[in-house]
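Quick notes on the structure that follows.
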Number of protein chains: 2
Amino acid sequence: MSKNKAKRTTLQDIADVVGMTKMTVSRYMKNPNLVKISSRIEIESAISKLGYIPNRAPNILSKGKSHAIGVLFPSISNHVFDEVLRGIESITEPAGYQIMIAHYSYSKELEEKRIGSLLGYHVDGLILSESVHTANTLRMISSSGVPVTEIMDTCTPPIQQAVGFNNMQASQKMTEKLIQKGYKNIAYIGAKGDVRDILRQRGYEAAITEHGLKSLIFRSPDVSSIRLGSEILDSILRVHPKVDAAICTNDDVAMGVLLSCKKKGILVPDELAVTGMHGHEMGQLYSPKLASVITPRFNIGKVAAEQLLSRIDGVQVIDACIDLGFEINDGESI
Amino acid sequence: MSKNKAKRTTLQDIADVVGMTKMTVSRYMKNPNLVKISSRIEIESAISKLGYIPNRAPNILSKGKSHAIGVLFPSISNHVFDEVLRGIESITEPAGYQIMIAHYSYSKELEEKRIGSLLGYHVDGLILSESVHTANTLRMISSSGVPVTEIMDTCTPPIQQAVGFNNMQASQKMTEKLIQKGYKNIAYIGAKGDVRDILRQRGYEAAITEHGLKSLIFRSPDVSSIRLGSEILDSILRVHPKVDAAICTNDDVAMGVLLSCKKKGILVPDELAVTGMHGHEMGQLYSPKLASVITPRFNIGKVAAEQLLSRIDGVQVIDACIDLGFEINDGESI
DNA sequence: AATAATTATGTTACTGGTAACTTATTAATG
DNA sequence: CATTAATAAGTTACCAGTAACATAATTATT
């Protein structure tokens with residue numbers, strides 16, 4: 001009953017058992033065809049007896065390559081990123097890359113910390129969900145020489161490359177749609193979050209200003225959630241009882257507003273129009289179906305990963321900014 | 001304009017600049033007080049000039065410790081795990097441990113692959129969300145000697161330690177509550193997923209059998225989602241038009257059922273009672289408020305991480321099974 | 001059978017941080 | 001001032017793979 005101080009099986013341990021050098025065993029691991037069939041069988045059985053787990057550390061140390069990609073999300077509770085991750089993995093999985101997910105609660109400082117940590121593990125590339133970073137983050141990225149792809153937005157000039165859609169334009173189009181439909185007192189509801197929220201607000205403002213309307217902006221210091229949306233409606237109606245439409249920064253907030261409307265007996269869209277962003281399942285199945293900007297989330301992840309992997313392989317950046325577009329779904333809430 | 005072939009700054013590079021050995025620089029990194037003040041200043045300025053990123057690989061190689069914890073979730077789109085992750089991080093973050101999240105789409109084989117990969121990076125501990133694993137997974141865990149904590153359920157004997165609640169009991173209690181309220185044709189709705197779903201079904205069956213009722217079980221081969229819940233209700237009503245209550249494996253499915261009821265004009269709970277599991281925001285804000293089992297998700301993550309870290313530090317397992325309980329919230333849907 | 005070609009295996013060196021030890025320098029004490 | 005104590009910095013070795021090269025064993029070819 002020895003303490004489990006027994007260190008992990010190494011190639012040398014296997015080599016000792018079969019009376020070869022670890023180099024032969026190493027070859028067997030990479031490509032069994034490089035080893036004589038009789039040796040192959042011996043090595044095989046030794047491995048299954050000792051239970052070898054490949055150790056990536058030596059290679060990371062000597063080659064500086066980990067075959068891992070760092071993926072940073074602001075929050076894993078934001079449903080937007082499920083699909084993005086699936087898109088990323090549709091590429092990295094068959095390519096044999098391991099994904100390291102980290103999240104930073106919408107804090108640039110935490111993002112910096114996470115990136116530092118991931119670089120310490122020698123990730124071969126980074127996918128970031130943000131387009132604004134600390135000076136130190138930029139320095140680390142540049143000095144590490146690691147390829148970086150920023151996802152979600154295409155408005156800000158990227159560090160190296162960005163894949164996403166135009167958040168400002170999406171919001172502007174949605175606002176214009178409401179204006180065309182005759183809404184006059186359109187509010188924008190933002191939350192604590194990322195630059196994208198601010199960009200969406202700008203799009204809203206651009207449309208509002210262009211049509212000579214008055215902008216009504218409500219921003220919460222809290223992270224977006226259904227609860228936030230349901231709670232903020234009260235204060236909006238208190239300040240501006242005449243509001244007839246609410247453009248929400250995302251579907252969570254919009255759903256909160258919808259639920260709150262139902263409780264208060266406010267008719268949607270007759271008394272209040274509501275719009276969201278991203279086209280999540282919940283809003284699409286709710287009645288009235290939530291008007292939302294349908295975004296190419298899976299594709300954003302897929303294209304970002306494709307680009308990143310090809311750059312890891314040394315291909316130069318061709319399109320610094322890849323815009324995958326968006327689509328507006330009217331639903332029944334406007 | 002040299003190619004970015006320039007390899008990363010090492011402690012030796014810094015040492016060369018300031019004319020010391022890398023050992024002194026290493027000491028400075030760990031504890032600047034071990035270095036003379038004048039040297040400290042030189043090193044500091046050299047670092048800020050060269051931009052050093054600590055490299056974890058040498059330590060992982062020589063000490064076999066990475067200061068990283070592997071966390072496996074079946075799916076990152078399952079909202080249950082947001083809170084669990086927050087709980088985990090509330091402990092690992094201040095302790096200076098990096099989290100590596102991986103997910104396996106409810107596949108035991110993918111779980112095995114992910115665990116192998118994480119062990120290749122020498123994670124110091126693992127948090128698993130499942131209680132059934134492949135034989136190879138168990139072998140890898142045992143031969144790696146890494147501490148493992150399984151979370152969410154306490155019904156199955158753990159590999160080493162489990163932290164969670166009793167899924168079977170939770171579902172049984174909920175079913176009994178419905179029986180007490182007079183429901184007679186209670187259906188169970190399951191989805192593709194984990195053992196926990198099966199355990200919940202067993203709890204349901206236990207209660208149903210005990211009270212001499214007939215069990216009506218509907219299982220989908222698809223992963224649980226709001227859409228699944230909204231689609232499955234049709235087929236249930238077709239087969240069993242007299243169903244008066246639906247116990248759903250989780251809140252997503254339950255929400256789908258609720259939305260579908262609304263569209264069909266089925267009154268909840270008068271014509272159909274609906275229950276979920278976990279007490280998510282959405283169901284709690286919906287009207288009628290969804291009856292659900294409120295589970296200690298944050299605490300599960302917190303306690304699991306506490307236990308794991310103390311075991312990494314060599315403390316022996318005291319409670320192999322830590323049951324954190326649950327609470328039933330009646331809501332307005334039963 | 002002798003030589004060339006192929007296949008199989010061994011040797012050496014390297015990666016970068018740090019524990020453990022030794023040596024050098026400075027400060028403290030009788 | 002000499003000796004001891006404390007502080008600062010240097011030396012060496014190690015971790016586990018594998019690239020690059022060297023050597024040995026086997027097979028093919030003339």
Side-chain angles (χ1 to χ4, degrees), chain A residues 5-44 46-47 50-68 116-117 119-122 124 143-144, chain B residues 5-43 46-47 50-68 116-117 119-122 124 143-145:
Chain A
K5 278 284 106 218
K7 73 170 175 44
R8 231 176 267 199
T9 305
T10 68
L11 292 186
Q12 187 63 64
D13 296 333
I14 295 160
D16 290 346
V17 169
V18 296
M20 305 171 192
T21 60
K22 59 179 180 170
M23 198 57 227
T24 306
V25 185
S26 169
R27 273 189 268 259
Y28 168 84
M29 296 302 299
K30 274 224 141 172
N31 181 1
N33 295 328
L34 295 172
V35 172
K36 212 203 303 175
I37 299 172
S38 62
S39 313
R40 229 182 277 179
I41 294 163
E42 287 189 78
I43 293 173
E44 227 157 72
I47 286 176
L50 297 179
Y52 179 69
I53 298 167
N55 183 356
R56 284 180 184 272
N59 251 317
I60 297 177
L61 180 55
S62 59
K63 310 282 138 47
K65 292 264 167 283
S66 60
H67 249 236
S117 177
L119 290 176
Y121 292 102
H122 274 269
D124 297 338
S143 79
S144 72
Chain B
K5 278 283 107 217
K7 72 169 177 46
R8 231 176 265 199
T9 306
T10 67
L11 292 187
Q12 187 63 63
D13 297 334
I14 294 160
D16 290 346
V17 169
V18 297
M20 305 171 194
T21 61
K22 58 179 179 169
M23 197 58 227
T24 306
V25 184
S26 169
R27 273 189 268 260
Y28 168 85
M29 295 302 298
K30 274 224 140 171
N31 181 0
N33 295 328
L34 295 171
V35 171
K36 212 204 301 175
I37 299 172
S38 62
S39 312
R40 231 181 276 178
I41 295 163
E42 286 188 80
I43 294 173
I47 286 176
L50 297 179
Y52 178 69
I53 298 167
N55 182 356
R56 283 179 185 271
N59 251 315
I60 297 176
L61 180 54
S62 58
K63 308 286 136 45
K65 292 264 164 285
S66 60
H67 249 235
S117 176
L119 290 176
Y121 291 103
H122 273 270
D124 297 338
S143 78
S144 72

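Proteins get letters first, then strands, A, B, ... in listed order; numbering begins at 1 in each.
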Compare every heavy atom of [Y] with every heavy atom of [X], then report the nearest pair and how far apart it is.
| X | Y | answer |
| --- | --- | --- |
| B:Leu11 | B:Met29 | CD2-CG, 4.0 Å |
| B:Ala46 | B:Val18 | CB-CG1, 3.8 Å |
| A:Ser143 | B:Gly51 | OG-O, 3.6 Å |
| A:Lys7 | A:Asp13 | NZ-OD2, 4.1 Å |
| B:Ala15 | B:Lys22 | CB-N, 3.5 Å |

So which one's nearest nucleotide on DNA chain C is more toward 5', A:Ser38 or A:Ser62?
->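 Upstream on the strand: A:Ser38.
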For A:Met23 and for B:Ile53, locate the closest nucleotide of DNA chain C by heavy-atom distance; then report the residue assigned to the nucleotide nearer the 5' terminus.
->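 Here A:Met23 is the residue nearer the 5' end.
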Rounded to the nearest angstrom, tell me the gap between atom [atom1] in [X] and atom [atom2] in [N].
| X | N | atom1 | atom2 | value |
| --- | --- | --- | --- | --- |
| B:Arg56 | C:dT18 | CZ | C1' | 15 Å |
| A:Gln12 | C:dG10 | CD | C1' | 12 Å |
| B:Asn31 | C:dG17 | CG | P | 18 Å |
| B:Arg8 | C:dT15 | CZ | C1' | 13 Å |
| A:Ile43 | C:dA8 | CD1 | P | 12 Å |
| B:Asn33 | D:dA8 | CG | C1' | 13 Å |
| B:Lys22 | C:dT15 | NZ | P | 9 Å |
| A:Leu11 | D:dA16 | CG | C1' | 7 Å |

Using the C1' atoms of five pairs at each end, what's the angle between the two axes of the helix from C:dA1-D:dT30 to C:dG30-D:dC1, to 10 degrees?
->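 Answer rounded to 10°: the end axes differ by 40°.
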Side chains of A:Leu34 and A:Tyr28: closer than 4.5 Å at any heavy-atom pair?
->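 Side-chain contact under 4.5 Å: no.
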Below 4.0 angstrom from OP1 or OP2 of [N], is there any side-chain N or O of [X]?
| X | N | result |
| --- | --- | --- |
| B:Ser26 | C:dT18 | yes |
| A:Thr21 | C:dG10 | yes |
| B:Thr24 | D:dG10 | yes |

Would you indicate what [X] reaches in the nucleic acid, counting non-hydrogen atoms under 4.0 angstrom: base, sugar-phosphate, or nothing?
| X | answer |
| --- | --- |
| A:Lys30 | sugar-phosphate |
| B:Met20 | sugar-phosphate |
| B:Arg27 | base |
| A:Tyr28 | nothing |

Counting side-chain heavy atoms from C-beta on, which of [options] comes nearest to [X]?
| X | options | answer |
| --- | --- | --- |
| B:Lys36 | D:dG17, D:dA9, C:dG17 | D:dA9 |
| B:Asn59 | D:dG17, C:dT18, D:dC15 | C:dT18 |
| B:Tyr52 | C:dG17, D:dA16, D:dA9 | C:dG17 |

About how many Å separate CG of B:Asn31 and OG of B:Ser26, when rounded to the nearest 0.5 Å?
-> 11.0 Å
When the nearest nucleotide of DNA chain D is assigned to B:Leu34 and to A:Thr9 on a heavy-atom basis, which residue is associated with the more 5' position?
-> B:Leu34
Pick out which of A:Ser38, A:Ser39, A:Pro32 makes a side chain to side chain contact (heavy atoms under 4.5 Å, CB included) with A:Val35.
-> A:Ser39
